[in-house]
Amino acid sequence: MKKYTVKTQTQSTAKFVADDMILTKDIPTCAGSKMLDGYVSLFEAEVLTRLADKGYGLAGKTDVGEFSIDLLGETSYNGAIIEDGVLKNATASVIKDGEVDFAITLDVNGSVRRAAAQDGLVSIKPTYGTVSRFGTIPVVCSGETVSVMAKTADLCKEALSAIAGHDDKDGTSLPQSEIDKTKTEKEIRKVAVLSSMLKGVDGKVSEKLNNVCEILRKNGIEVTEIDDSVIALSSAYWAVLMSAECCNNVSKYDGVKYGYRAQNFMGIDELYTNSRTEAFGFLLKSTILLGSETLSTANYVKIYDKALRMRRVIVEEFAKIFASYDVVLMPACSAFAYGEEDMKNTYKAYEENFYTAPASITGLPAVVVGGVQFVGNAFSENSMLSLAAIIEKEGK
Amino acid sequence: MKYETVIGLEVHVELATKSKIFCSCSAHSYGAEPNAHVCPACCGMPGMLPVVNKRVVDYGMKAGMMLNCHINRTTTFDKKSYYYPDLPAAYQTTQWFAPVAVNGLVEIETSKGKKSIRIKQIHMEEDAGKLVHDIREDTTHVDFNRTSVPLIEIVSQPDLSSAEEVEAYLDRLKNLLRYAKVAECEMAHGTMRCDVNLSVRPEGSDKLGVRTEMKNMNSIEAIKRAIEYETARHIDAIEHNTEVLVQETRRWDDIKGKSFAMRSKETAGDYRYFPDPNVMPVVIDDEWFNSIKASLPEFPEVKRARYINEIGLSEYDADQLIKSIAICECFESAYAECGSAKDSANWLLSECMNILNSRQMSYDMLDVDGKALGKLIKLVSEGKVGRANGKKILADMFDNRDIDPETYAKENGYIVSNDTSLIEKVAKEAIASNPRAVNDFKSGKEKAIMALFGACMKQLKGNCDPNTLKEILIAEINKI
């Protein structure tokens, strides 16, 4: 088992790890890509500065898949982590082993939530704009969010309150008055289960969903299954936006300024080509191709612009649901273990995004607990984490 | 057949903000050490996020208002993807979908009279870096000082039809943007650059010909030569089938006096524009809009009318003054101080211009405190300082803005003396040593007295009222 964890000295009792999408000044940040092999940032991510100011100690960094767009981290240039034929996520493993109290991750394409669901951990992807993205490796800027993963909902809440807040260095950071709304807790009474989102899950996942529904009902929370055809379309449009932004953001890596450079080349063009050919992995290359195609002049109106419009439609669809329900319950993944077969399927992450894309494309907060996922209205983080605490307690 | 040239311009103007468009690095690096004004943000390093410099939007809006544009109250930034070594982020943040200003109008005047040029749009964007080719070492260096320096691109409609009109249009843009103090617009400094889109068609036709584009022209003279060359090339191609015209980008080689094909439309890169998710749409509310509107300067035409009708300047003087906002401002404060518009205009248009010309400086580089100039004009017109000494003081004021003319005149012995006994003494000496001039004057050659006058002035270091000196000289000669 490969676990890529760089240890640093820390005096504090509360310790955490950051995944390798979060920039650190003293430790290399490689985004799981050979392209950024050995890259040390000149500056520290805002979230890390905030945690350090509050006395939390960074214990180390955990590996991610290449630019964190894969299933669980298997595309890292350090190799996949496989235990007993089952794919594992580096960050989730560190938390599960109890090495640290919580993890700060960048939820780019859902791998963080899949990992939390599969390892029975709690994770919170807060409302887009409540936590600064300053100092995170940019991939899908319109959707990626700094997230927290921990063993308990309370630890998630604690860590989130330490990192949330307005940051002038991030133009998409919300005003503090908006972010403060996350502090008000509203009791969750009505949960909607989207039947269209239950498609493709295996027996264990649907069993978990049933368990959670039971716990909810037992606690006097109304659970209603509703039919909705729009939200289930999220992953298709997310793939368009995700690949386009990813393509745009990784095009600056050329082997010249920093990171990996090919050993053999003749002339500058070959230096670029060889460095990229050798350093980028297959999933990233496929995503680059898809992204450059969807953004081309010929396709912009047909594909990209349509996806932007659909993002709006999906946001509105959620708003309609939140007029009657407090949160939406859906799976975070189709199965609780990905095996060798899944790893052979390059596009498995695109398929599994079916469950994670609704929260990614809308920027809505999502909590993973007890193997399932809650997607809530903007700023409902604390309310959802309180609900998560109930499920945690009852589930034991 | 007679042909007409159809020209549209894309003019890039560097905005004169203190810092860059998305980071706090200095935006002024002309002549600075390479890579002295860079940070991880403008170097495109991962993790830095763009934060819009509000001043850039102020200036973009102001430029739009100066060119009579409609201001888009919600203006957005977009990513233009292209890879080039001087663009470290591999995309340029620009405005594609909702530029800050659209549908403007600029009036120009040429030998053929007045003409209105329509402005399609003005968009804000970041500049790229610079590649420095070292021929001796056969290497290329990259200087990122200029990356993310704010620019506006002013896109005209194809309303221009000659090199003369292009020159008048560029002069007009420069004048208006300098009036608003949003840009320097100095082609020699690269703070104004120009892409020329040109096609040729039979006169009177409403169908446009094949268009070629010449990029990054950086002197008016080169632009004029390029337009003439391209027009002739297009006409030759149409009339004599010398070549097949294709829509393409061409490079103008000013030394060879020829343009060369760079890339055709078919092989041109696809810029894959899309809204920049890291920059939120900029919403210009009424308060912001009105504050910019209120900060607009008096337009040149309005100034001209005021100078003629209210201040009483001649049309010629007014036309000369309004060429430059720096001159106008100096004039207005000098006038306010000394009370004479005519004197103020004369001092600026003759004495100040002479100094600027001798130092090979443009009108806009005038950096004299107008109030101090007014004081100087007053000292001279009241006879306290001689005109020649006044000019000397003025030259020193060009080097030091802090000079107070009166104090300076006293300290340097430029104050006119009222001591008639001294003047009489000097006059007597001059008469004694110039008997020929005295005889000439006596025999009726009145001008001969000027030799004596000059000698006395030199002796008195100019510190003498000319009329008093003349009277004393005549009186002394008559005594002989």
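In this text the structure is predicted, and so the values were computed from the model without any measurement. In what follows, every heavy atom counts, from backbone to side chain, and hydrogens, waters and symmetry copies are set aside. Quick note on labels: first sequence line is chain A, next is B, and so on, each numbered from 1.
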Pro275(B) side chain reached by Leu308(A) side chain, heavy atoms, under 4.5 Å:
yes
Nearest heavy-atom neighbours spanning Tyr128(A) and Pro277(B):
OH-O, 4.2 Å
With a 4.5 Å cut-off on side-chain heavy atoms, are Arg272(B) and Ser292(A) touching?
yes
Side chain, backbone, both or neither of Phe77(B) within contact of chain A (heavy atoms, under 4.5 Å):
neither
A quick test of your reading: do over 12 heavy atoms of other residues, nucleotides or ligands sit less than 6.0 Å from NZ of Lys80(B)?
yes
Spacing of NZ belonging to Lys252(A) relative to CG belonging to Leu87(B), to within rounding of 0.5 Å:
10.5 Å
In Å, rounded to the nearest 0.5 Å, how long is the span from OG of Ser173(A) to CE of Met280(B)?
10.5 Å
Pair Tyr300(A)-Phe274(B), side chain to side chain contact (heavy atoms under 4.5 Å, CB included): steps then yes or no
CA-CA 8 Å; Tyr300(A) 184 85; Phe274(B) 72 101; 3.9 Å; yes
Relative to chain A, which segment of Tyr273(B) carries a heavy atom at a distance below 4.5 Å: side chain, backbone, both, or neither?
backbone
Is the number of heavy atoms from other residues, nucleotides or ligands within 6.0 Å of CZ (Arg73(B)) greater than 12?
yes
Pro40(B) versus Phe43(A): any side-chain heavy-atom pair under 4.5 Å?
yes
Heavy-atom neighbours of Arg55(B) CZ exceed 12 at 6.0 Å:
no
Within a radius of less than 6.0 Å around CZ of Arg211(B), do more than 12 heavy atoms belonging to other residues, nucleotides or ligands occur?
no
In the structure I gave you, are the side-chain heavy atoms of Leu295(A) and Lys79(B) within less than 4.5 Å of one another anywhere?
no
Determine the minimum heavy-atom distance between Pro138(A) and Gly47(B), stating which atoms define it.
CD-N, 3.5 Å
Asp53(A) CG: over 12 foreign heavy atoms closer than 6.0 Å
yes
Count the heavy atoms belonging to other residues, nucleotides or ligands that lie under 6.0 Å from CH2 of Trp288(B), then report whether that count exceeds 12.
yes
Is any side-chain heavy atom of Pro46(B) less than 4.5 Å from a side-chain heavy atom of Tyr253(A)?
yes
Atom pair CG (Asn278(B)) and CG (Asp170(A)), whose distance is rounded to the nearest 0.5 Å
7.0 Å
Where is the tightest heavy-atom contact between Pro85(B) and Tyr272(A), given as atom of each residue plus distance?
CG-OH, 3.4 Å
So CE of Met48(B) and OG1 of Thr136(A): to nearest 0.5 Å the spacing works out to 12.0 Å
Tell me, for Asn299(A) versus chain B, whether the close heavy atoms (under 4.5 Å) come from the side chain, the backbone, both or neither.
neither
When you measure from the side chain of Asp270(B) to the backbone of Thr297(A), do you find a donor-acceptor pair of N or O atoms at a distance under 3.5 Å?
yes
Could you walk me through whether Cys43(B) and Lys257(A) pass the side chain to side chain contact (heavy atoms under 4.5 Å, CB included) test, one step at a time?
CA-CA 10 Å; Cys43(B) 279; Lys257(A) 300 176 283 271; over 6 Å; no
Supply the atom-to-atom distance Ser132(A) OG to Leu49(B) CG, rounded to the nearest 0.5 angstrom.
6.5 Å
Non-hydrogen atoms of Ser81(B) and Asn248(A) that approach each other most closely
OG-ND2, 3.3 Å
How about Tyr84(B): does its OH atom have over 12 heavy atoms from other parts shown lying under 6.0 Å from it?
no
